[in-house]
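Before any comments, here is the structure.
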Amino acid sequence: MEIRNEDIRKRVNMREIYRYLGYGAKTPDDSTDMMIREVLGDLVRVITPKNVYKIYACSTSAAEVVLRGENRSDRKSVV
């Protein structure tokens, strides 16, 4: 599964960005908001994801991990 930069931009949570910048639940003024969005646009254009993950339905025991609908695998080869 390849992640494109457009996918990353769609997942950006602006409220979280504002919170990390110290705005709490408030929205910054228009000038600051425009600057944040400009920097975010520059960042999204140049970043490259380095890893991807997928969540699988599974169960575990002391010796193995069982993926639903998959073959059994030795725990050491999965973890």
Side-chain angles (χ1 to χ4, degrees):
M1 179 171 103
E2 184 178 331
I3 295 181
R4 299 178 318 247
N5 288 21
E6 305 88 57
D7 299 328
I8 295 169
R9 183 165 195 124
K10 290 177 189 174
R11 296 184 61 139
V12 169
N13 182 339
M14 294 304 293
R15 290 270 170 227
E16 189 171 355
I17 291 173
Y18 300 153
R19 185 172 62 86
Y20 276 97
L21 290 174
Y23 288 95
K26 299 176 185 173
T27 302
D29 61 80
D30 290 341
S31 175
T32 304
D33 188 51
M34 187 182 305
M35 186 183 312
I36 292 169
R37 290 175 188 276
E38 181 180 327
V39 169
L40 178 61
D42 292 343
L43 176 66
V44 169
R45 276 190 291 280
V46 299
I47 61 176
T48 304
K50 296 295 182 190
N51 49 15
V52 177
Y53 69 92
K54 182 174 182 179
I55 298 173
Y56 292 92
C58 64
S59 60
T60 61
S61 69
E64 63 188 3
V65 174
V66 179
L67 301 175
R68 206 174 289 156
E70 301 286 335
N71 295 330
R72 293 176 180 236
S73 298
D74 179 65
R75 169 173 259 169
K76 290 178 184 171
S77 66
V78 175
V79 177

Flag the pair Asp42 / Val46 as yes when at least one side-chain heavy-atom distance between them is below 4.5 Å, and no otherwise. no

Do other residues, nucleotides or ligands put more than 12 heavy atoms under 6.0 Å from the CG atom of Asp30? no

Below 4.5 Å, heavy atoms only, C-beta onward: do Ile36 and Met14 meet side chain to side chain? yes

Between Asn13 and Arg19, is the side-chain contact (heavy atoms from CB on, under 4.5 Å) condition met? List the steps. CA-CA 10 Å; Asn13 182 339; Arg19 185 172 62 86; over 6 Å; no

Linking I/L/V/M/F/W/Y whenever their side-chain heavy atoms sit closer than 4.5 Å, directly or via other members, would Val12 and Leu21 fall into one cluster? yes

I need the Asp29 CG to Met35 CE distance, nearest 0.5 Å. 8.5 Å

Using every non-hydrogen atom in the two residues, find where Tyr18 and Arg37 come nearest and quote the distance to one decimal. OH-NH2, 3.4 Å

